[in-house]
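For ligands, and for the atoms within them, numbers begin at 1 and follow the listed sequence.
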Amino acid sequence: LIYPEMPERSLVVLIGPSGAGKSTIARTWPASQVLSLDALREVVSDDAGDQDATGDAVAALHLLLEARMRRRLFTVVDATNVTRAAREPLVAAAKRHDMLPIAVMVATPGSVCIERQGPRPANRTVPEATVIKQRQDMVDSHRTLKAEGFPEIVFSDSLYRLLPFLERLSG
Ligand code: ATP
Ligand code: MG
């Protein structure tokens, strides 16, 4: 994976369905810079797949994000983030502290996202219908991202190159 060059005062919001490869991309940054909703589900409930723990995990994520934004620290949010409701508090936290929100759309084909559920442990398998819905929500999101407060929208291609940034670096 190519280590993506991004402005230091950024909040990277990964957007994509389960299986798209968000956590794989997130691992290109130092672990301390990544807030993972799955990891926080595990922190609060001992089970990364426990959907009943989502509310508490989101609350923890928002608390940690605020602490990092206040320090102007580069941060990546690893969660599906396919709805405006999920993204709004993230953008708000960035804005409060003059950080740049960057949306990274992980636009892996739906069929690939579904195939990747197969080998996963049972507690981490997302049903096919849910993956399809998440992917459609991501596609529908694209139209509103600018208005939501993301001046930068990046697409990861199948090699996980982050396209506009690489073009800018080489051009
Ligand atoms: P979730 O929302 O469920 O956490 P995710 O978007 O974080 O999903 P990953 O866990 O990063 O998805 O990737 C899903 C699976 O696909 C993993 O097994 C991972 O190893 C594999 N994968 C990710 N990126 C690639 C790639 N570029 N080539 C091949 N396999 C990949
Ligand atoms: Mg993940």
For ligand 1, does [X] get within less than 4.0 Å through its side chain, its backbone, both, or neither, judged by non-hydrogen atoms?
{"X": "Pro17", "answer": "backbone"}
{"X": "Lys22", "answer": "both"}
{"X": "Ile25", "answer": "neither"}

Counting each atom of ligand 1 from 1 as listed, which ones have a heavy atom of [X] under 4.0 Å away?
{"X": "Ala20", "answer": "6 (O), 12 (O)"}
{"X": "Asp38", "answer": "4 (O)"}
{"X": "Ser23", "answer": "4 (O), 5 (P), 7 (O), 11 (O)"}

Heavy atoms only: give me the nearest [X]-[Y] pair and the separation to one decimal.
{"X": "Lys95", "Y": "Pro101", "result": "CE-CG, 4.2 Å"}
{"X": "Phe74", "Y": "Gln33", "result": "CD2-OE1, 3.5 Å"}
{"X": "Arg87", "Y": "Val13", "result": "CG-CG1, 4.5 Å"}
{"X": "Val126", "Y": "Gln117", "result": "N-OE1, 3.0 Å"}
{"X": "Ile15", "Y": "Ala103", "result": "CD1-CB, 3.9 Å"}

- Option set Arg116, Gln134, Gln117, criterion heavy-atom distance to atom 22 (N) of ligand 1, minimum: Arg116
Looking at ligand 1, does any of its N/O atoms fall within less than 3.5 Å of an N/O of [X]?
{"X": "Arg27", "result": "no"}
{"X": "Thr24", "result": "yes"}
{"X": "Val126", "result": "no"}

Answer with yes or no whether [X] contacts ligand 1, where contact means a heavy atom under 4.0 Å from a ligand atom.
{"X": "Arg124", "result": "yes"}
{"X": "Gly19", "result": "yes"}
{"X": "Arg120", "result": "yes"}

- Message: Keeping to distances under 2.8 Å, can you name the protein N/O/S atoms close to the Mg ion (ligand 2)?
- Response: Ser23 OG
- Query: Counting only N and O atoms by type, is there a donor-acceptor contact under 3.5 Å from the side chain of Thr28 to the main-chain atoms of Thr24?
  - Reply: no
- Message: For Leu11, run the side-chain contact (heavy atoms from CB on, under 4.5 Å) check against Leu73, Val91, Val77 and tell me which one passes.
- Response: Val77
With a 3.5 Å cut-off and sequence neighbours excluded, list the donor-acceptor pairs that the side chains of residues 56-66 form with protein atoms.
{"residue": "Glu66", "atom": "OE1", "partner": "Arg96", "partner atom": "NE", "Å": "3.2"}
{"residue": "Glu66", "atom": "OE1", "partner": "Arg96", "partner atom": "NH2", "Å": "2.9"}
{"residue": "Glu66", "atom": "OE2", "partner": "His97", "partner atom": "NE2", "Å": "2.6"}

- Note on the structure: Output for pair (Asn81 CG, Met105 CE), nearest 0.5 Å, gives 11.5 Å
- Query: What distance do Arg120 atom CZ and Ser18 atom OG have between them, rounded to the nearest 0.5 Å?
  - Reply: 4.0 Å
- His142 ring center within less than 6.0 Å of Phe150 ring center: no
- Any side-chain donor paired with an acceptor under 3.5 Å for Arg41 and Thr54? yes
